[in-house]
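In what follows, every chain begins at residue 1, and chains take the letters A, B, ... in the order their sequences are listed. Values below: all heavy atoms of this structure, side chains included; hydrogens, waters and symmetry mates excluded.
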Amino acid sequence: MALWLYNSLGRKKEPFVPRQPGQVGIYVCGITAYDYCHIGHARVMVSFDVLVRHLRATGLKVTHVCNFTDIDDKIIRRALQEGVAITDLTTRFIAAFHADMAALGVNRADIEPKATEHLPEMCAMIQTLIDKGLAYESGGDVFYAVDRFPAYGQLSGKHLEELESGARVEVDGRKRNPLDFVLWKGAKPDEPQWSSPWGAGRPGWHIECSAMGVKYLGESFDLHGGGRDLIFPHHENEIAQTEGATGHSWVTCWLHNGFVNVVDDEGRREKMSKSLDNFRTIRDLLTAWRGETIRMFLLNSHYRAPLDFSLDLLDAARAGLDRLYVALRGAQAVLKELPAAGPVDWEHERQERPEGHAVRFREAMEDDLNTPRALAVLFDLARVINRLSTDETTDPEGLRVHVRLLRGLGAILGLCGSAPESHFQFRPEEAGQSEQSGLSDGEVEALIAQRSEARRNRDFQSADRIRKALAEAGIVLEDTKEHTSWRREA
RNA sequence: GGCCGGGUGGCGAAGUGGCCUAACGCAGAGGUCUGCAAAACCUUCAUUCGUGGGUUCAAAUCCCACCCCGGCCUCCA
């Protein structure tokens, strides 16, 4: 078994071989901290979170780095607008990022470097580039001379001549070549600034990822990822900077996920983005859907394919996730206690059940993280579990084994880790629905107790009246022989 | 204009030469179970894969042309 990943550099799937056996370094381009995150950000973070989980589940030791851009034009502008200090603004949105990601079940990266804390590293790299003749000072700024780096364009498949002819790049007299990009921006009055050999100023955007990637993962490492829109110019420039400075190859495999699109009422679709102002923030959606539902929605399509976002699809994802939790809840009723998600013993699974769920799941994941296929395996498992839970002749051990597997495989996708009750009893907070979902858990339980009493007395009229009332409040009941469980429906 | 993705059932989405008369989920239909429901389970739901050619014993999968959707080429995940 081997993991195959689609490498944007070369545009084909390749078997993934860590540079150092058993160890992986991965750098993911994080956010610019000036606003709340939307589904597009969620997709990046969830995709790479799943990749890291998978690498770890297959026995690799992973160092996961995800940076924060905490100084940049947009941040400065936004801080000015809001009349707050830049660090207050970035601190606030970094905290919001952490909260949103926690809700989505995204694990924290091992290292979360901030640009403003790595000025010396960036300056050192810029100086190296100047010394090597790859960068030059001009009018207080420092620029990278793209035509001094022959491999420029290798990642994005762009050729310098074409870029120049197509040029939407604004003319800047200080640049030798219009495509040269800034490494160091000279300070304007009233802007945050750091001292440097080239005068006071601040770093360009691209240099931070080069400097911090090298610092934490080395001059060569395995994986570097982000959204497709970063391929050019951001990642192209990162390569030029880093390989220009070190003189050798930097990242083995570049990974990029597809966009989240928004479809409007006329059926037109476009990329969800900050600049188009057509985004839905994660925290907005979290008022009506569990984070795990959003995760399910994202994982139901392949990470590289374009993905249309809609509320209906979120509902469908919720229904699918319900199915997995129904299976867990049914098993819980039989087993009394739900087995925890232990690590999957791949060797054992391969020998005992070569066609089994675990093997099929892993094969799907190893095919460039085919999460839709991996999810299909989870659904197959849920069916098996449902059958075992309903069949009274079943021995509990077989059921336990399958439940443990569902939770173990689910954990690699970051799913199925909650208690079934907390999934089903999640309460949306959306303002307009407050009346509908006004019943507290305790009130629901009390009404169910009344209904159970009525049913025991075979007073089905009263029982059905209560059930109907609950249904109108968005509560659905499910009777088993000895117990009534309930869930909230959107 | 250059480059990059995508077009598969009512919806979402896998599948990239034979196991595909197309996985899986949602929605729908019938049945079993149930006091009745719900859930579950069983059955059913694309002879067809944007269009037109071609290659092949064999194509959703390869080749050619065309049409449509989205993106990058400027900040963007």
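- Considering NE2 of A:His234 and OG of A:Ser156, their distance stands at 13.5 Å, rounded to 0.5 Å.
- Between B:G6 and A:Arg304, no contact under 4.0 Å exists linking OP1 or OP2 to a side-chain N or O.
- Spacing between B:U47 and B:G10 at atom P, rounded to whole Å, works out to 9 Å.
- A:Met45 comes within 4.0 angstrom of nothing in the nucleic acid, heavy atoms only.
- B:C57 and B:A22 are spaced 26 Å apart, taking the P atom of each and rounding to whole Å.
- Taking atom C1' in both B:A77 and B:G70, one finds a spacing of 16 Å when rounded to whole Å.
- Both cation-pi conditions hold for A:Arg304 and A:Tyr6: the charged atom is under 6.0 angstrom from the six-membered ring centre and inside a 45 degree cone around its axis.
- Around the CD atom of A:Gln461, the shell of radius 6.0 Å holds no more than 12 heavy atoms that belong to other residues, nucleotides or ligands.
- No contact: A:Asp72 has no heavy atom under 4.0 Å from any strand.
- Phosphate contact (OP1/OP2 of B:A14, side-chain N/O of A:Asn370, threshold under 4.0 Å): absent.
- Only A:Arg323, A:Val326, listed by number, bring a heavy atom of residues 321-335 of chain A to less than 4.0 angstrom from any atom of RNA chain B.
- When the C1' atom is used for both B:G9 and B:C4, the distance is 29 Å, rounded to whole Å.
- Every side-chain hydrogen bond (donor to acceptor under 3.5 Å, both in side chains) that A:Arg174 has, sequence neighbours left out, goes to A:Asp141, A:Asp172.
- Of the N and O atoms on the side chains of A:His64 and A:Asp49, not one donor lies less than 3.5 Å from an acceptor on the other residue.
- Both A:Thr390 and A:Ala316 lie close to RNA chain B; mapped to their nearest nucleotides by heavy-atom distance, the more 5′-ward contact belongs to A:Ala316.
- Using bins of under 30°, 30° to 60° and over 60° for the plane-to-plane angle, the ring pair A:His256/A:His235 lands in the tilted bin.
- Note that CG of A:Asp222 and CD1 of A:Ile26 are 9.0 Å apart. Values are rounded to the nearest 0.5 Å.
- Separating the P atom of B:U34 from that of B:A23 is a span of 32 Å, rounded to the nearest Å.
- To the nearest whole angstrom, the two P atoms, one in B:G50 and one in B:G35, are 50 Å apart.
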Any protein N or O atoms within reach of nucleotides 17-22 of chain B? Criterion: under 3.5 Å, listing atom names and distances.
none

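- Note: A:Phe181 and A:His206 have perpendicular aromatic rings, judged against thresholds of 30 and 60 degrees for the angle between ring planes.
- Put simply, A:Lys13 has no side-chain N or O that comes within less than 4.0 Å of OP1 or OP2 on B:U16.
- Among the heavy atoms of the strands lying under 4.0 Å from A:Arg487 are primed sugar atoms or P, OP1, OP2 only; no base atom is included.
- Using atom C1' as the reference point in both B:C49 and B:U21, the two lie 13 Å apart (nearest Å).
- Residues that satisfy the side-chain hydrogen bond (donor to acceptor under 3.5 Å, both in side chains) test with A:His41, not counting sequence neighbours, are absent from this structure.
- Taken from NE2 in A:His357 to CG in A:Leu378, the straight-line distance is 9.5 Å, to the nearest 0.5 Å.
- At a threshold of 4.0 angstrom between heavy atoms, the contacts of A:Asn261 are confined to the sugar-phosphate backbone, with no base atom among them.
- Counting non-hydrogen atoms under 4.0 angstrom, A:Asp229 reaches a base of the nucleic acid.
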Canonical and wobble pairing (Watson-Crick, G-U, under 3.5 Å) of RNA chain B, dot-bracket with | = ((((((((.[[[..)..(.....]]].(((((.......))))).....[[[[[..)....]]]]])))))))....

Under-3.5 Å N/O pairs linking protein and nucleotides 7-9 of chain B:
none

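- Note on A:Phe379: only backbone sugar-phosphate atoms sit closer than 4.0 angstrom, heavy atoms only; bases stay farther off.
- For the P atoms, the distance linking B:G12 with B:A58 amounts to 33 Å, nearest Å.
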